[in-house]
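Take a look at the structure below.
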Amino acid sequence: SSGINAEYGGVAGIVAARYFKDVFRVTLYEASSTIGGVWQYTKDKNITKHTPMYKNLRSNLPKQLMTFRDLQYEQDSPTFLTHEQVMDYLHSYCNKFNISDVVSFNTHVSCVKPDTYSGDVKWIVSTANETQEVFDAVAVCTGRYDTIDFPQVPGLDTYSGKYIHSKEYSSPDLHEGEHVLIVGAHASGIDLTIDLCEYGVRADISHRKPAPCNGLPEGVIQYKQPVLFEDDKVYFEGDDHGYKFDTIIFATGYGTNLDFIHPDCMIQTDVIPRPLYKFALNPKYPSMAILNQCGFVAPFILCEYQAMYFRDILLGKIHLESHDFLLTEAQKLLERFPEKHLKYQYSLHLGQFDHFRELAGIVGVPLELENDMDALCSLYDMVHYDRYAAPSKYRNKEWELDRESVTYHMTCDWNVN
């Protein structure tokens with residue numbers, strides 16, 4: 001059958017299906033039994049967790065940066081949302097656009113391969129259910145949280161103590177009475193330290209930042225990075241003493257699992273998928289896109305513009321240059337940082353808003369969006385500063401956003417010290 005295939009019913013898959021379904025015949029393959037992707041949370045301790053969600057998680061981006069163009073959050077919802085509120089929003093979006101009509105749930109994709117024998121490129125998509133379909137185009141929407149990363153520290157493989165990855169963390173009450181060490185001080189590491197401390201769990205943190213982190217709860221000890229695990233002890237850089245902890249939680253990041261992308265696709269899939277034109281398009285076969293692969297971005301906004309961009313390419317509204325040109329431009333995106341930092345080549349930070357403006361211009365979104373982008377960029381920058389200055393308190397600000405200004409009011413005391 002001809003049509004468009006999108007894989008994975010998370011943020012990218014949902015918004016891709018929304019923009020494709022009115023102009024193409026679409027199938028959205030989803031490995032789980034519901035939509036939501038990483039925003040799914042299960043309270044059942046007997047079920048293996050497949051997402052990074054935990055009981056008390058609230059978004060670290062304001063809702064204005066987690067909104068699709070065609071649907072707003074409830075008027076009284078806070079700036080920083082609970083995972084339940086985000087899931088409700090995603091379900092509302094799916095209901096508004098009848099996304100469930102095109103979803104094949106409990107369907108794990110095992111292989112995506114181009115078929116070039118007929119002259120036109122087709123896509124053979126095989127599933128673990130032993131089905132196989134042929135599509136005109138494919139959008140890979142599996143995100144960036146498939147696999148868990150542990151640091152390469154001597155002795156960890158024989159360490160006799162208990163340790164988990166932050167993806168397995170569920171609730172602070174499960175660690176009541178413990179002494180917990182969190183390894184890693186990016187967003188999730190800081191948030192888990194705070195979550196445990198607010199429940200009364202003794203929690204310390206280990207990281208490789210050159211200076212101590214600001215604004216952590218009183219009593220948290222900050223160690224340097226671990227350099228050795230031996231028996232049931234951990235040793236830190238510059239310290240000959242071995243320390244014991246009841247549980248170590250590694251908040252040390254994620255990787256993508258794109259093993260189902262066949263080598264014939266001409267995409268390398270280790271570390272990050274590459275090369276990608278404009279962070280999304282397969283230069284060799286532009287009827288294949290891999291969405292939502294950028295780091296340090298507002299993924300809702302990114303995915304929506306990428307979906308519109310890919311739709312218009314498939315409709316022939318956007319003229320693409322030669323494969324060689326696309327490949328050369330895609331290779332430039334892999335030279336933004338030294339080669340050893342391959343994992344971060346698609347990290348955008350404030351540059352994301354220039355990228356959003358570029359895609360908006362290409363797909364013809366009205367120019368008044370420029371003002372919105374300026375305001376969103378300012379909001380992102382201010383929240384980013386707050387998060388590092390006062391990680392325990394930055395969610396106490398309620399932000400208001402309009403085209404002229406970005407303002408906030410406090411919900412409780414704000415003291416950065």
Side-chain angles (χ1 to χ4, degrees), residues 1-9 12-13 15-31 102-104 107-143 256-270 272-293 303 305-334 346 359 362-363:
S1 67
S2 63
I4 309 299
N5 163 237
E7 288 147 25
Y8 198 59
V15 75
R18 173 259 186 273
Y19 280 100
F20 298 163
K21 67 187 290 292
D22 290 339
V23 287
F24 307 114
R25 280 182 289 128
V26 174
T27 300
L28 173 58
Y29 289 130
E30 166 53 39
V102 301
V103 183
S104 175
T107 305
H108 183 84
V109 172
S110 56
C111 184
V112 173
K113 182 180 180 181
D115 177 0
T116 59
Y117 294 113
S118 63
D120 292 330
V121 178
K122 301 289 184 181
W123 295 94
I124 303 170
V125 178
S126 306
T127 73
N129 303 343
E130 298 185 350
T131 64
Q132 191 175 84
E133 288 200 55
V134 179
F135 296 92
D136 297 305
V138 61
V140 176
C141 306
T142 51
T256 54
N257 179 9
L258 298 170
D259 292 347
F260 59 87
I261 294 180
H262 193 276
D264 287 356
C265 296
M266 306 302 288
I267 294 288
Q268 285 184 259
T269 57
D270 62 306
I272 58 172
R274 60 198 189 279
L276 292 178
Y277 177 68
K278 295 198 185 300
F279 302 107
L281 213 62
N282 182 336
K284 175 69 174 176
Y285 301 116
S287 56
M288 177 190 213
I290 304 177
L291 309 186
N292 195 23
Q293 289 299 313
C303 293
Y305 284 119
Q306 286 183 332
M308 287 190 277
Y309 174 66
F310 189 43
R311 174 203 61 189
D312 286 359
I313 285 172
L314 298 176
L315 288 173
K317 292 183 177 181
I318 296 172
H319 169 72
L320 290 176
E321 301 290 340
S322 68
H323 294 316
D324 287 345
F325 176 84
L326 300 186
L327 181 59
T328 299
E329 292 298 302
Q331 292 290 358
K332 290 178 183 177
L333 298 181
L334 301 173
Y346 297 160
L359 293 182
I362 292 172
V363 301

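Just the heavy atoms: all of them, side chains too, but no hydrogens, waters or symmetry mates, feed the values below.
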Report task. Show your reasoning for whether side-chain contact (heavy atoms from CB on, under 4.5 Å) applies to Phe24 and Asp136. Result -> CA-CA 10 Å; Phe24 307 114; Asp136 297 305; over 6 Å; no
Heavy-atom distance under 4.5 Å between the side chains of [X] and [Y], does that happen here?
{"X": "Val109", "Y": "Val125", "value": "yes"}
{"X": "Leu28", "Y": "Phe20", "value": "no"}
{"X": "Ile362", "Y": "Lys278", "value": "yes"}

Query raised in the report: side chain to side chain donor-acceptor pair (under 3.5 Å) with Tyr277: which residues, sequence neighbours excluded?
Result: none
Query - For Ser126, side chain to side chain donor-acceptor pair (under 3.5 Å) partners two or more places apart - result: Gln132
Could you list the donor-acceptor pairs under 3.5 angstrom formed by side chains in residues 310-318, with sequence neighbours left out?
none

Query - Gap separating the CG atom of Leu334 from the CD atom of Gln268, nearest 0.5 angstrom - result: 8.5 Å
Would you mind writing out the side-chain donor-acceptor pairs for residues 281-292 within the sub-3.5 Å range, not counting sequence neighbours?
unit_1 : atom_1 : unit_2 : atom_2 : d
Asn282 : OD1    : Lys284 : N      : 3.0
Asn282 : OD1    : Tyr285 : N      : 3.2
Asn282 : ND2    : Cys265 : O      : 2.9
Ser287 : OG     : Trp123 : NE1    : 2.9

Requested in this report: Would you mind listing every side chain to side chain donor-acceptor pair (under 3.5 Å) that reaches into residues 318-334, with sequence neighbours excluded?
Outcome: Glu329-Lys332
Report summary line: In terms of heavy-atom contacts, Cys141 and Gly13 come closest through CB-N, 3.5 Å
Query raised in the report: What pair of heavy atoms forms the shortest contact from Tyr19 to Ala307, and how long is it?
Result: CD1-CB, 4.2 Å
Under the side-chain contact (heavy atoms from CB on, under 4.5 Å) test, which residues partner [X], sequence neighbours left out?
{"X": "Thr269", "result": "Leu258, Ile261, Ile267"}
{"X": "Asp259", "result": "Asn257"}
{"X": "Lys21", "result": "Val26, Asn98, Ile99, Val102"}
{"X": "Thr131", "result": "Thr127, Asn129"}

**Report entry** Residues that Asp270 engages under salt bridge (charged side-chain N to carboxylate O under 4.0 Å, His left out), provided they are two or more places apart
**Finding:** Arg274
Report task. Please check if the side chain of Asp120 supplies one atom and the backbone of Lys122 the other of a donor-acceptor pair under 3.5 Å. Result -> no
Query raised in the report: Taking the side chain from Gln293 and the backbone from Gly143, do they hold a donor-acceptor pair closer than 3.5 Å?
Result: yes
Report summary line: Taken in chain and number order and not counting sequence neighbours, the residues that satisfy ring-ring contact (aromatic ring centres under 6.0 Å, His included) with Phe279 are Tyr346, His355
